[in-house]
Amino acid sequence: MTIETIGQILAKHPFFAEFQPEHVELVAGCARNVRFNPGEYLTREGGPADRFFLIRHGMVSLEVATPGRAPIVVTTLREGEIVGASWLAPPYRSMFDARAVELTRAISIDAECLRKKCEKDHYFGYEMMQSVLRVLVKRLQATRMQILDVYGE
Amino acid sequence: MGGNWKSATIKPEGLHSLIGKLRDEAYRVVGPTMRDDAIVYDDIAGLDDLPKGWTDDQEAGRYALARRSDDAYFGYNVGPHSWKQFLFPPVETMWHAQRDEDGAMTCSAPSRPKEKFAFVGVRACEIHAIAIQDRVFREGPFADNAYASRRQDAFIIAVNCGQAGATCFCSSMGTGPRADGGFDLALTELLEGGDHRFLVEIGSEAGAAIMEAVPHAPASSEQVEAAAAIVEETANRMGRSLETDGLKELLQGNLDHPRWNDVADRCLTCGNCTMVCPTCFCTTVEDHSDLENRTAERVRKWDSCFTLDFSYIHGGSVRTTTHSRYRQWMTHKLANWIDQFGTSGCVGCGRCITWCPTGIDLTEEAAAIRAAPSKADAQ
Amino acid sequence: MPAPVQSSDPFVPEIYRVGAVRRELADVVTIEIEPESGGRPDFLPGQFNMLYAFGIGEAAISISDETKHGGGFVHTIREVGAVSRALAAMEVGASLGLRGPFGTAWPVAEAEGSDVVVVAGGLGLAPLRPAIEALLARRERYGQLAILVGCRTPEAILYRHELEQWRQRLDIDIEVTVDHASTDWHGNVGVVPSLIRRVAFDPDDTLAYVCGPEVMMRFTASALHEAGVATDKVYLSMERNMKCAVGLCGHCQFGPSFVCKDGPVMRFERISPIFAMREI
């Protein structure tokens, strides 16, 4: 059995699928493997957005806490998706509680390290910006559809 | 007299006698008559009921009766009525249901008295309109039995048009002004030289049979030629025209055309066009029950795609705007109908133009889209 | 497509009786009905019946199953109007009218040898259920089989029992997602099109059956397109106002199609030019 390098794992993740190999290598320098047990949080609402996660396995729910009742789940994310897009835009604060619903394995990328690389190489930064934006636009559309309450009750 | 001849002439008295014979044979004879300042279709007993010496003066949004300088019986175009109101009545009971004390239900079609219609004065466009409704009501996978039965028994006396109205465009639609089939008898009214006659063409065995009993004379070749000349002259005097070449693709490819908004500013969504149209077939149903909830019935009524309710689904209507409702009507009539039934739904009778309170003219609307299509014709 | 059978009068209902009633959700009831005399006509998955409540009116309701011994129909009804409320309030033994079955079917036989992705939104699972049963009855004839279900909340999941049974099989992918939930729900939260990339199928050789609210179908059709499924392999079930169900009343027109006879199940390719257009 061979052990994959972080770079190889990144390259296989859908988020980096279209990236140039040298750019993936740039990211690898900021990345490490992490795991979360069920109930552990990847991010906390209002906390520093200092890490950007790529889910490799498991399920993460984005939640908003509400007093007097169980937290509201905004969406659930699974293998192949990203968590923590707030690393990219000031004020670099997380917008949700991201909680592992089941055992979750992910790649954690150091946000400050990543921001520096984006700043240094704008081609890379643009590629990163575009990839994050693509995901966010999809999520925005999905959220709008959720708001529509199409099943009308 | 032999039964092989194809044409003859009859005098007005012969027509009177023909109407009488049809009545003797238990036909309900319906023809043109004057009522409420219009020429409408209603029961007739003879020549006296016909609009002798009258004509109709029509334009977009305008209809008025006027005296003719002669005694023509069929010297008008078409009025607000069409024959669909007899073959496809505006209100029809579909079935009755009963419920006993235990709530057990039974349901049965009403016994409809058999009604044999004889239509006098059916124009070529109207014969085509009947054929179009035939395709809808009796030639599809499901048939309307009541319509089919009335249609089966109907006796049709066509009249070739001796004049074209200002809103007529049957020549464009290929539906007139000459009746080329679909009749039992076809008349052309001849007034030349004070010799008032009708040239009669035989269209069916039933037509030939009844003519046996009507005093007639053989038609001379001059009379046949005179009749042909009259219809040809009518064809040349159409008040409107509609370019039908590629019309289906043009309309289906221009559902976003700004002209729909333009026409929506003029359309009152009153539905007049759909009521006077001889092919419009949309209906709604009403369910009634008595106060004790023991008997119930379902009644079908003419409906119009111009009403808001027409497209209602849970949550609201699909077509809330005027432009979408006008677009639905016109694209159905002139384009989608071809996909659905193989022919246009329009016969060029012009009623929708005449009876529109704001004078909307579908030939003008189609021409406006053709003049500036927003898209290349979808092929 | 089956040749429609002309009964003596296509407008006159046959009499059926309610054999069983089951409440599915707060506003959804399933009724089992049997013909008062004779057998029930055959039906294909995706077809619908016109059900008549005495003195109130008719509603088009999809067929969601046959009764246990095949003698009757099963209909799942949501209480949204006078007719559906009256139908949903019927008790065992009550008498109702039925015309049908009408309309087109999910292409179950055409899918043999291919993968099938079934996407249901809300009550859209009801007309898909006979198709799912037909696919499962001959499971060996199909490739990958995925059933994706979306609904508003965990409480609004239709046919929970059936979903659980299907999920026990190892040869289907079943994913359920809800639009709104709290952390008491441990499943997916999000819209149903987002489930498409969660399941395995060969986009070049897949048929997709989609049924739900029109907005949901629009999003799902575009997600399937993004996943590489061609528009001629995607089928939707449409809803429009319906009075006669036999193509004679004009109400259900959707462009050149009559939803009652050219639908409700329609190939997306055929309707895609007008599907996103408003007020057609």
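Keep in mind the model is a prediction, meaning the values are calculated, not measured. Protein chains get the first letters and strands the later ones, always in sequence-line order, with residue 1 at the start of each.
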Do any of [range] have a heavy atom less than 4.5 Å from a heavy atom of chain C, and if so, which, in residue order?
| range | value |
| --- | --- |
| residues 56-67 of chain A | A:Met59, A:Glu63 |
| residues 25-42 of chain A | none |
| residues 99-129 of chain A | A:Arg99, A:Val101 |

Open item on the list: Can a donor-acceptor pair be found, under 3.5 Å and without considering hydrogens, that links the side chain of C:His180 to the backbone of A:Val73?
Closed with: no
- [ ] Measure the acute angle between the ring planes of A:Phe16 and A:Phe19, then classify it against the limits of 30° and 60° as parallel, tilted or perpendicular.
- [x] perpendicular
Open item on the list: Parallel, tilted or perpendicular: which one describes the rings of C:Trp106 and C:Tyr209, with boundaries at 30° and 60°?
Closed with: parallel
Open item on the list: side chain to side chain donor-acceptor pair (under 3.5 Å) for C:Thr30 and C:Glu24? Distances and angles first, verdict last.
Closed with: CA-CA 7 Å; C:Thr30 293; C:Glu24 302 276 1; 2.5 Å; yes
TODO: Could you walk me through whether C:Ser257 and C:Arg270 pass the side chain to side chain donor-acceptor pair (under 3.5 Å) test, one step at a time?
DONE: CA-CA 9 Å; C:Ser257 305; C:Arg270 172 176 173 158; 3.2 Å; yes
Open item on the list: Check for me whether the distance between the ring centres of A:Phe15 and A:Phe52 falls short of 6.0 Å.
Closed with: yes
Task: salt bridge (charged side-chain N to carboxylate O under 4.0 Å, His left out) partners of A:Arg69, counting only residues at least two apart - done: none
Task: Neighbour count >12 (heavy atoms, 6.0 Å) for atom CZ, C:Arg169 - done: yes
Task: NE2/C:His225: more than 12 non-hydrogen atoms of other groups inside 6.0 Å - done: no
Task: Contact winner vs chain A - C:Pro193, C:Gly212, C:Cys151, heavy-atom pairs under 4.5 Å - done: C:Cys151
- [ ] With a 4.5 Å cut-off on heavy-atom pairs, point out which of C:Val80, C:Val191, C:Leu123 contacts chain A the most.
- [x] C:Val191
TODO: Tell me yes or no: between the side chains of C:Asp202 and C:Gln144, is some donor less than 3.5 Å from an acceptor?
DONE: no
What I want to find out is whether [X] reaches [Y] closely enough, with some N-O distance under 4.0 Å, to be called a salt bridge.
| X | Y | answer |
| --- | --- | --- |
| A:Lys12 | A:Glu4 | yes |
| C:Asp27 | C:Arg78 | yes |
| C:Arg167 | C:Glu175 | no |

TODO: Please state whether the side chain, the backbone, both or neither of A:Leu148 comes within less than 4.5 Å of a heavy atom of chain C.
DONE: side chain
